[in-house]
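Keep in mind that the numbers below use all heavy atoms, side chains included, and drop hydrogens, waters and symmetry copies.
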Amino acid sequence: MAKNNFDFKAVEKKWINFWEKEKIYKFDSKSKKKIYAIDTPPPTVSGKMHIGSAGSYSQMDFIARFMRMRGFNLFYPFGTDDNGLATERLVEKSKKVLSRDMPRDKFIKLCLDYLKKENPEFIKGWKNIGISCDWDFYYSTINAHSRKISQWSFLDLYKKKRMKRRDAPSMWCPECKTGVAQVEVEDKNVPSTFVDVKLKIGKEDLIISTTRPELFPASVAVFYNPKDKRYEHLKGKTAKIPLFDIEVPILEDERTSMDKGTGIAYCATFGDQTDMEWQKAYNLPIKEAISKDGKMTKIAGKYKDMKVKEARKKIIEDLRKGGFLVKQEKITHPVNVHERCGTEIEFVKSKQWFLKYLDLKKEMLKWGAELNWHPKFMKVRYDNWVKGLRWDWLISNQRHFGIPFPVWYCKKCEEVILAREEDLPVDPLKDKPPVKMCPKCKSKEFIPEKDILNTWFTSSMTPTIAIKLTDKKTQKKLFPMNLRPQAHDIISFWLFNTVLKSQLHFKKNPWKDVTISGFVTLKGEKMSKSKGNVVTPQEVTDKYGADALRFWAASSKLGKDFDYQEKDVITGKRLITKLLNASKFVFMNLKNYDYKKLKELEKIDKLFLEKLDFIIEQATRNFEEYNYSMAKSGTEKLFWEFTDNYLEIVKKRVYSGDRNKKKSAQYTLYKSLLTFLKLFAPIIPFITEEIYQEYFKKDEKIKSIHISNWPEAKNPKSANDFDFFCDLLAKVRQTKSSAKKAMNAECVITLTKQNKKALEGMLDDFKNVTNAKEIKEGKFNVEFIEQ
RNA sequence: GGUCCGUUAGGCUAAUGGUAGACCCUCUCGUUUACACCGAGAAGGCGGAGGUUCGAUCCCUCCACGGACCACCA
């Protein structure tokens, strides 16, 4: 291990192989140890790992490794989330096929084959940053095991009367041509035109403002606020919509805001959420102006088949020509778009499956409150989400690739025919329904459900999917799991839905604790491909190694966004080098060392060990509270004191001290270094394993540091005379520095009587480290001995 | 619009009801029997206004700025 050729890549590879071969991270279902179960986030196989994932998976791994050393039997599975668009695209691209052109089960098979081939490479990315999952407990969210559980979830919820199929307006993406759930919709500011249009009420004009004149053919009413004096006289009258000559009633409703536009809102089915509420509240007719592919329908007359924006333009044009246009104004306003493709959401009538849950808001809040959130304030996002829910969960997608609904319909009476549990997983497109005839109408013809379950419907089952990988007896012990680690962007997606499912199925939260990681930014900005400010974990590990990357990830607290800073990675690299060199020094001086013959510890050694005990205690508490960054920084701080001060202090003693004094130092060195390694092991697993194996294993016997016992504090002292010693040492160093002398310049030191007394038992060490020939008593002074 | 988080040295950050600590940068010096991927020393900081307190960077209120989540979006 010469100074410049520490080959971290070879070292990392060596230990990854070793851990795997020796099954160091194996979950032992027969063990009597207490279980600690983690619901690991299954990443999407999409090629390259993002540094944000590298960061948050590292943070999760710090906890996992700590718990393992702390004596828990760790259930730490790993999955990949492959039932979504990302995998579909990836497979289509690499196999040069189109999923739509082939039977679903065949495409799924293709995906599974692809995963089987590519997965080792993909998973390697996680192994490379030292993630210590038990890779034997692996799942893919599209494999038969997951399909079975996801479909079972549907059946169970159907039986619990939570599943409803409705033919009603719902959010629709004209680009992806599928219904979308509320969670899949996000805001986007887009430019638009606010137009003021004249409606006729008899001979009177009524001005309305709208951004969506293309919905005029679907007009069903006009509203004003009951408090609005301006329009009181219109009550009961009708207004005429220009271009389409539709007469609509003028109604009052308090949802109309008086200060928006002219205070008159026109209602078309379905322009937005309020339109839909109005439709229901006043039992207005349903008119569809926009079709599923985002084009105008026949009720739009001459605008039929035009795309929405095209029709809008044309209609504005025609309104102007007809003299109905009073004013138009360019604005930018937020609209709902599909988070996948950025396309503006329309409300379109279609048959969709919903998980009914709006009646459960109160319970949902309670479930959220029962979780231990780390950090606490992240719970607010869960609450916000629940309070803002307006739609039942739309779980059907009109897409081809994914997990099928285990459902057929009677062709004649539309009765829902469910698959039998024992037949799961099924694909209705290929498999026959479990009945020969409809139990209701005796018809013998059935139609398969073509839709697929939304990916989150499956992802929200990860605890069950993971747990069911074990044997029956173990399963009971694993639920609820201990921890769900994840990032904050998917609290409303993954976390919320998992809690919901677990509660509906099992009446229990799926886990006790939740840790929420922050986001990685670069110069304060979110990294994104479009901005071109992406740093990949590969380039970091190539340059500095996985431990350095993890060290950086450990410098940020849970819940806090953290900026990628190369200097922090470099600081980690420095620590690693220091650990290596300190170990080299320690063991250079430990030849033929036998601690058993040690009589008594020197005072300074004892003091240092007390401080170390304090750090053990602190780090343990911090790790237990998932506060790995504090644990790390405390350990780090004392470790630098260890190398900069303690090693300097005992140097001469180990070189040439008398027997017991030397042994005392040796004992302290051995003990301290091993403790530091263990405290650092969850954060930087590679270098700690390397040093452990090289120097400690032969005496410690345990196969790997990562399954060795977490250190115990015997006699912790937060502050003691070790600090006093170091302060005094610093004072001498300061004097030497300002006198422009070398640190090892020979000198004679004068200390006050009090200080000298405090150094009792450590005076020789003090002389050694300061290279003082003599310690006199008096006013503090350092005299230099001229050469 | 509601809510949450943040604002600390030139940069990036940490902790804390009582002298605010690292790292990078800068300056000075040193060292080669663990380490130049080194060490020692120096310089440098709590967004603003009130309040609670013997004492506030920390607790409370308000403001400003930045970020995020949710909602509105005729």
With a cut-off of less than 4.0 Å, is there a side-chain N or O of [X] near OP1 or OP2 of [N]?
{"X": "A/R381", "N": "B/rC5", "answer": "no"}
{"X": "A/K740", "N": "B/rG41", "answer": "no"}
{"X": "A/R733", "N": "B/rC29", "answer": "no"}
{"X": "A/K557", "N": "B/rA15", "answer": "yes"}

message: Surrounding NZ of A/K671 (heavy atoms of other residues, nucleotides or ligands, distance under 6.0 Å), is the total greater than 12?
response: no
Within the 4.0 Å heavy-atom criterion, would you say [X] contacts the bases, only the backbone, or no part of the nucleic acid?
{"X": "A/M378", "value": "nothing"}
{"X": "A/D275", "value": "nothing"}
{"X": "A/S633", "value": "nothing"}
{"X": "A/E636", "value": "nothing"}
{"X": "A/T256", "value": "base"}
{"X": "A/K567", "value": "base"}
{"X": "A/K736", "value": "nothing"}
{"X": "A/E344", "value": "nothing"}
{"X": "A/T643", "value": "base"}
{"X": "A/S738", "value": "nothing"}
{"X": "A/V380", "value": "sugar-phosphate"}

field: Donor-acceptor pair under 3.5 Å, A/T571 side chain vs B/rC23 base
entry: no
message: Is it the case that the base of B/rC72 and the side chain of A/D187 share a donor-acceptor contact (distance under 3.5 Å, atom types as modelled)?
response: yes
field: Distance under 6.0 Å and angle within 45° of ring axis: A/K741 vs A/F784
entry: yes
- prompt: Which residue lies toward the 5' end of RNA chain B, A/L729 or A/F562, if each is placed at its nearest nucleotide?
  reply: A/F562
task: Tell me which of A/A730 and A/A582 sits closer to the 5' end of RNA chain B, going by the nucleotide each one is nearest to.
output: A/A582
message: Students often mix this up, so state it plainly: with edges at 30° and 60°, are the rings of A/F766 and A/F725 parallel, tilted or perpendicular?
response: perpendicular
